[in-house]
Amino acid sequence: MKKLILAAAAASAVLCMNAESTDLNHGWRWTRGTELRTMNDGEAVDLPHTWNAADAMFGNRDYYRGMATYSRMLTVPDGHARYYLKVNAAQSVADVFVDNSWVGQHRGGYTAFVVDITPYVTPGKAHKLDIRVNNSATTDVAPLSGDFNIFGGLPRGVELIMKPEVCIAADFYASPGVFIRQSEVSDKSATLGITAIVRGAGAGIAADYTLCDASGRNVLAGELSPDGGDRYAARAILRSPRLWNGVDDPYLYTATVRVLRDGQAIDSVVQRIGLRHFEVSADGGAVLNGRPHRLNGVNLHEDRAERASAYQAADFVEDVSLALEMGCNAIRLAHYPHSARIYDIMDEKGLVAWTEIPFVNIYISNPAYAENLRQQLCEMIYQNYNHACVPAWGLFNEVNSGWMEPVGDMVAELNALAHKLDPSRPTMGASNQDEAFNDTPDWLAFNKYFGWYGDDPADMATWLDAERAAHSGRTFGISEYGAGGNVAQQQDSLAHPAPWGQWHPENWQTHYHIENWRILRERPWLWCNFIWCLTDFCAAGRREGPVAGRNDKGLVSYDRSTRKDAFYFYKANWNKKEPMVYIAGKRCTDRTAPETEVMVFCNDGPVELIVNGRSYGKRTPDEVCVVRWSDVTLQPGENRIEARTGKRADACRWVLRR
């Protein structure tokens with residue numbers, strides 16, 4: 001059997017000397033099924049690509065889940081000893097062929113893999129390359145279940161990596177082949193353990209490293225020594241480091257590891273690293289570099305209206321920019337490892353990343369499934385090892401022993417494996433109920449929707465306090481909370497809608513978040529609170545709200561064009577760098593009651609309300625940046641509503657129907 005070689009989705013990896021990397025994202029033909037008869041058959045596509053960008057977006061439970069083939073011609077240049085094909089993601093099972101010869105298979109849709117095509121290609125000769133991808137449901141590849149779509153395709157592009165015979169590994173769990181472990185980090189010093197995996201090493205081969213600050217100045221350098229097998233390692237201490245301090249100062253160093261033959265560099269890998277110390281405790285919550293750092297964040301799926309999961313580079317920037325505008329300092333990348341690009345951006349912007357494997361909802365004791373969970377955990381850890389934004393490794397989301405088979409032993413096994421692979425980071429999990437394995441990961445958070453699924457928002461406080469009393473030594477966070485809200489559905493009275501119904505008025509979502517945030521902010525021992533979610537997304541099985549197959553709990557619309565009222569509520573509370581005033585309910589233009597309430601979000605001092613030229617006076621925002629006037633009179637017909645602070649103003653038009 002031919003061997004599959006897994007390799008790099010490297011964070012900011014750079015190849016040099018006689019190593020090269022080039023994208024193969026253009027010139028593909030795509031078809032359903034297993035083979036193109038000729039290279040003129042099928043549909044011309046560029047990568048990234050998913051074949052479910054249309055049929056899975058509007059509630060079609062029968063969106064195509066099956067086999068499809070991507071084909072193109074490939075000619076590799078001369079001058080290299082090793083040729084690797086890197087696929088940044090293939091959903092869910094991918095087989096690679098060169099000239100109809102099978103090269104290898106990868107199982108798992110959210111991590112990168114590489115196959116070694118060296119034995120199958122001749123420099124200068126045109127070869128036919130096929131990648132057959134299958135997103136059919138199966139019982140041996142995670143996720144087995146999930147409230148999100150499984151978009152088939154090649155959604156993160158393909159690359160050709162060319163290396164010398166002796167090189168930093170491109171075949172170790174899709175990693176950069178260089179791992180920089182940090183410990184004992186403070187503003188006085190940071191201890192670094194640097195490991196490189198070198199293929200083909202022998203006599204005359206050496207390795208070294210340098211660390212440069214953001215200005216390019218060399219602040220640390222040394223040699224790596226053979227450390228058994230194909231590993232080279234070094235230990236170094238950096239004095240007086242500038243720390244990666246989240247969004248306030250996301251400072252990054254650049255580490256370069258080189259392989260040398262007889263003193264001449266023949267290969268290198270570059271990694272950006274941020275030095276930081278992150279901890280979570282039951283009483284103190286989250287602490288970054290010795291200072292409180294409560295994670296105020298959003299959940300995010302890799303899914304958008306125009307392209308589903310086949311993101312362009314600007315899409316990652318837009319999603320991160322929305323989170324930063326709202327004042328987030330963290331993003332939970334639900335419920336699978338996301339593209340390497342977003343981790344890079346989060347490193348640069350100082351956002352903390354919750355990353356997790358797609359171990360969602362159910363467990364079955366299929367040995368192949370357990371092995372796939374282990375494989376995906378290894379890939380996630382090694383591929384993202386050097387990212388400053390990643391403080392811990394996520395093991396599961398809402399796995400439930402009552403749905404299928406008991407899951408506790410699998411959670412314990414994954415927890416032990418994560419600690420073995422990376423002793424420098426803790427583990428975490430997102431639970432939705434009382435389970436014996438809740439105390440297995442080092443950090444725990446809960447998915448709770450009090451005020452949406454049949455409860456009152458105040459129940460969040462009751463539950464939190466009872467849980468803390470029952471588990472006083474446990475770290476507590478909220479990994480999901482949220483409510484549906486559709487900007488096309490408006491009402492000027494407040495009533496709890498049916499969550500599984502078609503009526504999801506925007507004002508209940510706003511009310512839900514105001515009341516939940518009042519409760520969460522008063523409990524500093526919570527280490528995180530992640531809103532579900534930043535944007536609307538597709539879930540083909542859902543039948544709720546006005547659009548079939550849509551989860552509308554996002555604070556931003558699916559196409560990213562509209563920020564909902566709840567977005568501005570959090571922006572007022574979390575983004576203190578940007579003073580603002582915003583009138584809630586401005587999209588509810590048709591009004592039925594002559595006596596009404598006006599609610600304003602403001603983080604910029606007293607607000608004056610003016611309605612039809614009449615001032616209702618100035619009022620000071622409360623502890624959650626909300627100002628209310630309950631005694632406002634509307635005149636029949638059109639009304640102009642205006643809220644003013646000293647430097648800012650917002651206005652809207654409401655119409656009172658006679």
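FYI, the numbering just counts along the sequence from 1.
- Around atom CD of Gln312, more than 12 heavy atoms belonging to other residues, nucleotides or ligands sit under 6.0 Å away.
- Of the possible donor and acceptor atoms, none in the side chain of Thr111 sits under 3.5 Å from a partner among the backbone N and O of Gln376.
- Checked by atom type, the side-chain pair Trp393/Asp422 shows a donor-acceptor distance below 3.5 Å.
- Taking the six-membered ring where the residue is Trp, His338 and Tyr336 present parallel rings, their angle staying beneath 30° rather than reaching 60°.
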Residues 316-326 side chain polar contacts: donor-acceptor under 3.5 Å, at least two apart:
{"residue": "Glu318", "atom": "OE1", "partner": "Arg304", "partner atom": "NH1", "Å": "3.0"}
{"residue": "Glu318", "atom": "OE1", "partner": "Arg304", "partner atom": "NH2", "Å": "2.9"}
{"residue": "Asp319", "atom": "OD1", "partner": "Arg560", "partner atom": "NE", "Å": "3.0"}
{"residue": "Asp319", "atom": "OD1", "partner": "Arg560", "partner atom": "NH2", "Å": "3.2"}
{"residue": "Asp319", "atom": "OD2", "partner": "Tyr311", "partner atom": "OH", "Å": "2.9"}
{"residue": "Asp319", "atom": "OD2", "partner": "Arg560", "partner atom": "NH2", "Å": "3.1"}
{"residue": "Ser321", "atom": "OG", "partner": "Val317", "partner atom": "O", "Å": "2.8"}
{"residue": "Glu325", "atom": "OE1", "partner": "Arg563", "partner atom": "NE", "Å": "3.1"}
{"residue": "Glu325", "atom": "OE1", "partner": "Arg563", "partner atom": "NH2", "Å": "2.9"}
{"residue": "Glu325", "atom": "OE2", "partner": "Arg563", "partner atom": "NE", "Å": "3.3"}
{"residue": "Glu325", "atom": "OE2", "partner": "Lys571", "partner atom": "NZ", "Å": "3.2"}

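- Between Asp249 and Arg242, at least one side-chain N (NZ, or NE/NH1/NH2) sits under 4.0 Å from a carboxylate O, which counts as a salt bridge.
- Looking only at distances, a side-chain donor or acceptor of Arg425 sits under 3.5 Å from a matching main-chain atom of Val390.
- One side chain, Asn245 or Asn289, offers a donor N or O that lies under 3.5 Å from an acceptor on the other.
- With respect to Arg272 and Asp347, no salt bridge is recorded, no charged nitrogen being found less than 4.0 Å from a carboxylate O.
- Between Arg239 and Asp187, none of the side-chain N atoms (NZ, or NE/NH1/NH2) sits under 4.0 Å from a carboxylate O, so this pair counts as no salt bridge.
- A search for salt bridge (charged side-chain N to carboxylate O under 4.0 Å, His left out) contacts involving Glu279 returns nothing, not counting sequence neighbours.
- Inspection of the Arg332 and Asn397 side chains reveals an N or O donor paired with an N or O acceptor under 3.5 Å.
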What side-chain donor-acceptor pairs closer than 3.5 Å can you find for residues 214-221, not counting sequence neighbours?
{"residue": "Ser215", "atom": "OG", "partner": "Asp213", "partner atom": "OD1", "Å": "2.7"}
{"residue": "Arg217", "atom": "NE", "partner": "Asp213", "partner atom": "OD2", "Å": "3.2"}
{"residue": "Arg217", "atom": "NH2", "partner": "Asp213", "partner atom": "OD2", "Å": "3.3"}
{"residue": "Asn218", "atom": "OD1", "partner": "Leu220", "partner atom": "N", "Å": "3.1"}

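- The nearest pair of heavy atoms linking Ala334 to Glu356 is CA-OE2, 3.7 Å.
- Distance check, rounded to the nearest 0.5 Å: OG of Ser101 to OH of Tyr120 gives 7.0 Å.
- Residue Arg474 qualifies as enclosed at atom CZ: its count of foreign heavy atoms under 6.0 Å is above 12.
- Rounding to the nearest 0.5 angstrom, the gap separating the NE2 atom in His80 from the CE atom in Met162 is 5.0 Å.
- Looking only at atom types and distance, the side chain of Asp95 has a donor-acceptor partner in the side chain of Trp102 under 3.5 Å away.
- For Arg231, the CZ atom sits in a loose shell: 12 or fewer heavy atoms of surrounding residues, nucleotides or ligands are nearer than 6.0 Å.
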side-chain hydrogen bond (donor to acceptor under 3.5 Å, both in side chains), that's the test. Do Asp303 and Ser309 meet it? Break it down for me. CA-CA 5 Å; Asp303 179 13; Ser309 60; over 6 Å; no
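- Of the possible polar contacts, none joining the Glu480 side chain to the Ile531 backbone as a donor-acceptor pair under 3.5 Å is found.
- The closest side-chain donor-acceptor pair between Tyr343 and Thr355 falls under 3.5 angstrom.
- Residues forming a salt bridge (charged side-chain N to carboxylate O under 4.0 Å, His left out) with Asp78 (at least two apart in sequence, or on another chain): none.
- Side-chain contact check for Glu159 and Ser21: at least one donor-acceptor pair (N or O, by modelled atom type) lies under 3.5 Å.
- Looking at Ser339, its side chain never comes within 3.5 Å of a backbone N or O of Ile342 through a donor-acceptor pair.
- Looking only at distances, a side-chain donor or acceptor of Asn372 sits under 3.5 Å from a matching main-chain atom of Ala142.
- A distance of 13.5 Å separates CG of Asn25 from CZ of Arg156, quoted to the nearest 0.5 Å.
- Between Gln375 and Glu379, the side chains place a donor N or O and an acceptor N or O closer than 3.5 Å (distance only, hydrogens not considered).
- The backbone N or O of Ala90 lies less than 3.5 Å from no partner atom in the side chain of Tyr110, so there is not a single donor-acceptor pair.
- Leu414 CG to Thr427 OG1: the interatomic distance, rounded to the nearest 0.5 Å, is 10.0 Å.
- A distance of 11.0 Å separates CG of Asp227 from CD1 of Ile197, quoted to the nearest 0.5 Å.
- Between the side chain of Asp99 and the backbone N or O of Lys128 there is at least one donor-acceptor pair closer than 3.5 Å.
- The ring pair (Phe, Tyr, Trp, His ring centres under 6.0 Å) search around Trp527 returns Trp354, Trp443, not counting sequence neighbours.
- Among residues two or more places apart in sequence or in another chain, the ring pair (Phe, Tyr, Trp, His ring centres under 6.0 Å) test is passed with Phe537 by His301, Trp532.
- Taking a cutoff of 4.0 Å between a charged side-chain nitrogen and a carboxylate oxygen, Asp116 and Arg82 do not qualify as a salt bridge.
- Atoms CG and OG, on Asn438 and Ser431 in that order, are 3.5 Å from each other to the nearest 0.5 Å.
- Between Pro579 and Lys577, the shortest heavy-atom distance links the atoms CD-O, 3.5 Å.
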Checking salt bridge (charged side-chain N to carboxylate O under 4.0 Å, His left out) for the pair Arg307/Glu302: CA distance, chi angles, key distance, verdict? CA-CA 10 Å; Arg307 289 174 282 280; Glu302 212 167 71; over 6 Å; no
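- Donor-acceptor pairing under 3.5 Å is lacking for the side chains of Asn415 and Thr440.
- Aromatic ring centroids of His49 and Tyr70 lie under 6.0 Å apart.
- Counted by atom type alone, Asp442 and His419 present one or more donor-acceptor pairs between their side chains at under 3.5 Å.
- Between Arg258 and Asp208, at least one side-chain N (NZ, or NE/NH1/NH2) sits under 4.0 Å from a carboxylate O, which counts as a salt bridge.
- In this pair, Tyr382 and Tyr385 present their aromatic rings parallel. The plane angle is below 30°, not in the 30 to 60° band.
- In summary, the aromatic rings of Phe396 and Phe437 are positioned with their centroids under 6.0 Å apart.
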